[in-house]
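Data block below; observations after.
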Amino acid sequence: MKHLTGIDTLAADDRDAILARAQEYATRLEKGKPVKTVLQGRVILNMFFEHSTRTRTSFEMAAKRLGADVINWDAGSSSLSKGESFADTVSTLNAMRPDAVVIRHKDFGAPEYVANNVGCPVINAGDSWREHPTQALLDALTLRQHFGGLKGLTVAICGDIAHSRVAASNLRLLPALGVSLRVIAPPALMPRGLQDGIKTFTEMEDGLPGCDAVMMLRLQKERMQEGLIGSDAEFFNRYGLTHDRLDLAGRQAVAMHPGPMNRNVEIADDVADDPARSLILKQVANGVPVRMAVLEKLLSI
Ligand code: CP
């Protein structure tokens, strides 16, 4: 494993080792136990060309928990504003010899370009609507912790599937771990070419019954043509996750959301904040141990 640019590039044994190690780190962090500083003396370069709260902070936290130093390169104050190209930016920063690059970019495949042009491991922190592999790994870890296993679970991914890199990575990862997936979306937000075995629904009332977890997604208006869907209120009325809809999935069903949330558009306030049925902050917490395990795996080679 040289890079983590997408779920398809992750071999099953590496995936399983990362999830196992992430669980060890999650347990240690929860108990407040110190973590061995396996990355002391290493420098991780965070290159975020799109905004982020969870992913950038948790990569920084993960690297620091392992003893590494982190540079948060800032696109807005960089020489991109003077006309320097993306390619020159990458080769310039590579010349300073970072030990790993974490990249988020709006363009499809930007992490692969970086991986092919730098001398260190590259981790995709989200590109376009294509992939967000560490989000899918932390979602899998969160489901496994809550249910005690993944095989046989049924999970519905709902909302803006077409523009979601989180959905794209989860559609690859979760079935490989034994999860039965359903996709619920308005026709305009339903992607084409879904893998065999994934059931699709256009109404929540049809797709939710029998689900163990309901993963809501943010409406990605920045990647959407204007007028593709109706108003926020119309969307919430038809697709928003309320307690009634969560109960339709099952009385024990849980709510997930990768964040950032559009409250009362994809998910009702009282569902998002329900400590018994919302795993949303657990997902956030698991971002740190999962990214620790990924950094360790890539940098220990
Ligand atoms: N889930 C996620 O990627 O959140 P951020 O955009 O805040 O990193």
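As the structure lists them, so they are numbered: ligands from 1, and atoms in each ligand from 1.
Atom CH2 of residue W73 and atom CG of residue L80 lie 4.5 Å apart, to the nearest 0.5 angstrom.
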Under 3.5 Å, sequence neighbours excluded: what are the donor-acceptor pairs made by side chains of residues 173-194?
residue : atom : partner : partner atom : Å
R182    : NH1  : G207    : O            : 2.7
R182    : NH1  : P209    : O            : 2.7
R182    : NH2  : P209    : O            : 3.4

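Here D206 does not pair with K199 in a salt bridge; the nearest charged N to carboxylate O distance is not below 4.0 Å. A salt bridge is defined here as a Lys NZ or Arg NE, NH1 or NH2 lying under 4.0 Å from an Asp or Glu carboxylate O, and E30 with K282 meets this definition.
Under the 6.0 Å distance and 45° angle rule, R104 does not count as a cation-pi partner of F48.
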Filter the ligand 1-protein atom pairs down to N or O on both sides and distance under 3.5 Å, then list them.
residue  : atom  : partner : partner atom : Å
ligand 1 : 1 (N) : Q135    : OE1          : 3.1
ligand 1 : 1 (N) : P258    : O            : 2.9
ligand 1 : 1 (N) : G259    : O            : 3.2
ligand 1 : 3 (O) : T55     : OG1          : 2.9
ligand 1 : 3 (O) : R104    : NH2          : 2.9
ligand 1 : 3 (O) : H132    : NE2          : 2.9
ligand 1 : 4 (O) : R54     : NE           : 3.0
ligand 1 : 6 (O) : R104    : NH1          : 2.9
ligand 1 : 7 (O) : T53     : N            : 2.8
ligand 1 : 7 (O) : R54     : N            : 3.0
ligand 1 : 7 (O) : R54     : NE           : 3.1
ligand 1 : 7 (O) : R54     : NH2          : 3.1
ligand 1 : 8 (O) : S52     : OG           : 2.6
ligand 1 : 8 (O) : T55     : N            : 2.9
ligand 1 : 8 (O) : T55     : OG1          : 2.6
ligand 1 : 8 (O) : R104    : NH1          : 3.4
ligand 1 : 8 (O) : R104    : NH2          : 3.3

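Of the candidates V290, L66, N286, Y25 forms a side chain to side chain contact (heavy atoms under 4.5 Å, CB included) with just one, namely L66.
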